[in-house]
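Below you'll find the structure, written out as structure tokens, and then a few comments.
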Protein chains: 2
Amino acid sequence: MTPTIRDVAERAGVSVATASRVLTGSRKVTPDLVTSVQEAARTLGYRHNAVARALRRGRSNTIGMVVPEIGNPFFPAIVEAVERRLQESGRDLFLCDAQQDVGIELSRVQALADRQVDGLIIIPVSAAASRDALERIPHQTPVVQVDRFVEEYAADWVGVDDELGIGLAVEHLASLGARNIAFVNAKLDSSSAVQRYTGFKRAMARLGLPDDTQQLFGTYRAEWGRAAAQELATGSVLPDAVVCGNDEIAVGVLREFRRRQIRVPEDVLVTGFDDIRFAALADPPLTTVRQPHEQLAAECIRLLDARMAEQDTPVQRIAIAPSLVVRESTGGQS
Amino acid sequence: MTPTIRDVAERAGVSVATASRVLTGSRKVTPDLVTSVQEAARTLGYRHNAVARALRRGRSNTIGMVVPEIGNPFFPAIVEAVERRLQESGRDLFLCDAQQDVGIELSRVQALADRQVDGLIIIPVSAAASRDALERIPHQTPVVQVDRFVEEYAADWVGVDDELGIGLAVEHLASLGARNIAFVNAKLDSSSAVQRYTGFKRAMARLGLPDDTQQLFGTYRAEWGRAAAQELATGSVLPDAVVCGNDEIAVGVLREFRRRQIRVPEDVLVTGFDDIRFAALADPPLTTVRQPHEQLAAECIRLLDARMAEQDTPVQRIAIAPSLVVRESTGGQS
DNA sequence: AAGCAAGGGGTAAACGTTTACCCATTCTAA
DNA sequence: TTAGAATGGGTAAACGTTTACCCCTTGCTT
């Protein structure tokens, strides 16, 4: 069997209390005993049982995170940044995937909460349907939402200013002379889809552009981008530009236009959102709205720690301004 | 405070033992009591404390998984498939990212083992340097390696037959008349990099092709692909074809060739490995070796369950034959 | 020199479950 | 009818820690 702290104490000739004190450093212990306990622990290959510790302490030194779909490359990028931050404070991150399903999301959230994670970072699947999952989280567990949020649910949030981001894209296109600007997005069930849509409409209005352009709603995936591009291409007139709700959609759009020999950026301009790894590798490289991962992650951990330190402080929503990255899909430099 | 089983028992007017029996179904209980316990649990909003349960039972109904780098899209694809499988048996998956660092990998493995996961699925970072991390896993914890394995370490493995896969690519290129075939791969510190390399050399020898072609080793990332392509493009003669160690490299290669106006497939053929989501979306769409995720995941869970059921059965290595997907980067159909 | 504080060790309770064991009741079979 | 089995409930121990509490020793202050 794996050795317990009792074995360590026995071998070192001390009580378990002393052994625990040495191993956790929770109280001062005579140097002699310190070394003999450490020696004993080392020779036995002792590792503390994190389950027992968590039960006793009521905390686990672990943060849980749930993302909507790990296959969507934007989310791993956020996860990596969060992980790097957590590492600085020596905490572990356990990651779960909701597979775009609020039922699975609920079970993941509960699995993590049941295991006494000290905090929960969640990118909710749906602005409305994820509320149930989040409301079932025990109230003492701090929760921070990232990127997306749930409507009418009081928890901290940090994300990018989606409205502003889409606005940057639209303005850029308008400055290049585009007037008939189509919009291809995911269905409006996540908060980011909603905000990007309102961002689009407001920017169009602000710039005095016609807002009866083609606006198509599907999923945040490349297949949808292809399907949408097909619809745009077979319509009566090709738009001057296509604003996409995320980069995956945009990559699908580019692919379909290429297949149909519609040239980007000569015949039509295309923009994405997120600046995923492959945005710069697409052909042509994609003009997109960059999400500052590191900053998002830093704010996320800051919010979480603040919430852990003080439960009853007012909820915050932090929107970070994104920036536009101009590449060849709108005629920029490579 | 959140209610405990004691509260449930009290409210239902039974002992905690009975409450536990009802809630876990571990023994038959009179129907009356069953309903009153369930009623009590429901009205109190009782959720069992998974930490306490795990401590008492010594099992956690949880599988841990560690991947080398979650930002590499091949790994999330495997994770998703594994997750779907585990769901069938009602187990949870906690995922950790090693960030391509064997030190972090070690700490992740230990964090999971310390929390009494029932099994560990690991894609090791390095064929040699990851051995330390794996050897420190308590011997009662079942371990299955996926995709990559650690040399001289006795644990089950399931993956694709890398040698065979690369062989398919080389044969395909040879059948198209390519003779001067370059190879762009990651450095040989992961088992897959090694196996893909030997696969390449053997295939070249088998087909009687010159094996003094350019062979470049970097990382499994697109940036490396770009750098390597630059080197190939500026060499004295452009190879007939480039076999890449994975799709990310290949995408980088395609990008750089495009930038330099080297046409694929007219001037040079390119192949990848993995068939990630973006392989079909690259321009031109990438001919690649497809990894059967679902099958890999299924075998992985099967191995894990077998190992959990019986500790001392001989170690297995299962190599699944991959298939070639021909796309335009070697002149195939879109 | 006496009293008190501080330092540091041990004992045992507690965290929330599950389950071995015991016991009372009811049922079955001879 | 009665011995024995079967059914089902309760009591309490156990999982491996951490830590409140107690107590002894030492050293310092007056």
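Excluded from the calculations below are hydrogen atoms, water molecules and symmetry mates; all remaining heavy atoms, backbone and side chain alike, are included. So you know, we letter chains A, B, ... as the sequences are listed, proteins then strands, and number each from 1.
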Just how far, in rounded Å, is P of D/dA13 from CG of B/Leu55? 17 Å
Provide a list of protein-nucleic acid N or O atom pairs under 3.5 angstrom, restricted to nucleotides 17-24 of chain C.
{"residue": "C/dT17", "atom": "OP1", "partner": "B/Tyr46", "partner atom": "OH", "Å": "2.9"}
{"residue": "C/dT17", "atom": "OP1", "partner": "B/Asn49", "partner atom": "N", "Å": "3.4"}
{"residue": "C/dT17", "atom": "OP2", "partner": "B/Ile5", "partner atom": "N", "Å": "2.6"}
{"residue": "C/dT17", "atom": "O5'", "partner": "B/Tyr46", "partner atom": "OH", "Å": "3.1"}
{"residue": "C/dT18", "atom": "OP1", "partner": "B/Arg53", "partner atom": "NE", "Å": "2.7"}
{"residue": "C/dT18", "atom": "OP1", "partner": "B/Arg53", "partner atom": "NH2", "Å": "2.7"}
{"residue": "C/dT18", "atom": "OP2", "partner": "B/Ser20", "partner atom": "OG", "Å": "2.6"}
{"residue": "C/dT18", "atom": "O2", "partner": "B/Arg56", "partner atom": "NE", "Å": "3.4"}
{"residue": "C/dT18", "atom": "O2", "partner": "B/Arg56", "partner atom": "NH1", "Å": "2.3"}
{"residue": "C/dT19", "atom": "O4'", "partner": "B/Arg56", "partner atom": "NH2", "Å": "3.1"}
{"residue": "C/dA20", "atom": "N6", "partner": "B/Arg21", "partner atom": "NH2", "Å": "3.2"}

Looking only at heavy atoms, the pair that brings A/Ser130 and A/Val125 closest together is OG-N, 3.3 Å
Less than 3.5 Å apart, which donor and acceptor atoms pair up between the side chains of residues 2-10 of chain B and the rest of the protein, not counting sequence neighbours?
{"residue": "B/Thr4", "atom": "OG1", "partner": "B/Arg6", "partner atom": "N", "Å": "3.1"}
{"residue": "B/Asp7", "atom": "OD2", "partner": "B/Thr4", "partner atom": "N", "Å": "2.8"}

Establish, with yes or no, whether the OP1 or OP2 oxygen of C/dG8 is under 4.0 angstrom from a side-chain nitrogen or oxygen of A/Lys28. yes
side-chain hydrogen bond (donor to acceptor under 3.5 Å, both in side chains) partners of A/Ser191, counting only residues at least two apart: none
With sequence neighbours left out, the residues meeting side-chain hydrogen bond (donor to acceptor under 3.5 Å, both in side chains) with B/Asp189 are none
Mind checking if A/Val51 touches a base, just sugar-phosphate, or nothing, with heavy atoms under 4.0 Å? nothing
Tell me the interatomic distance from A/Leu44, atom CG, to D/dG16, atom C1', rounded to whole angstroms. 15 Å
Can you run down the salt bridge (Lys or Arg N to Asp or Glu O under 4.0 Å) pairs that involve residues 147-157 of chain A, sequence neighbours left out, and say none if there aren't any? A/Asp156-A/Arg307
Could you list the residues that satisfy ring-ring contact (aromatic ring centres under 6.0 Å, His included) with A/Phe149, not counting sequence neighbours? A/Trp157
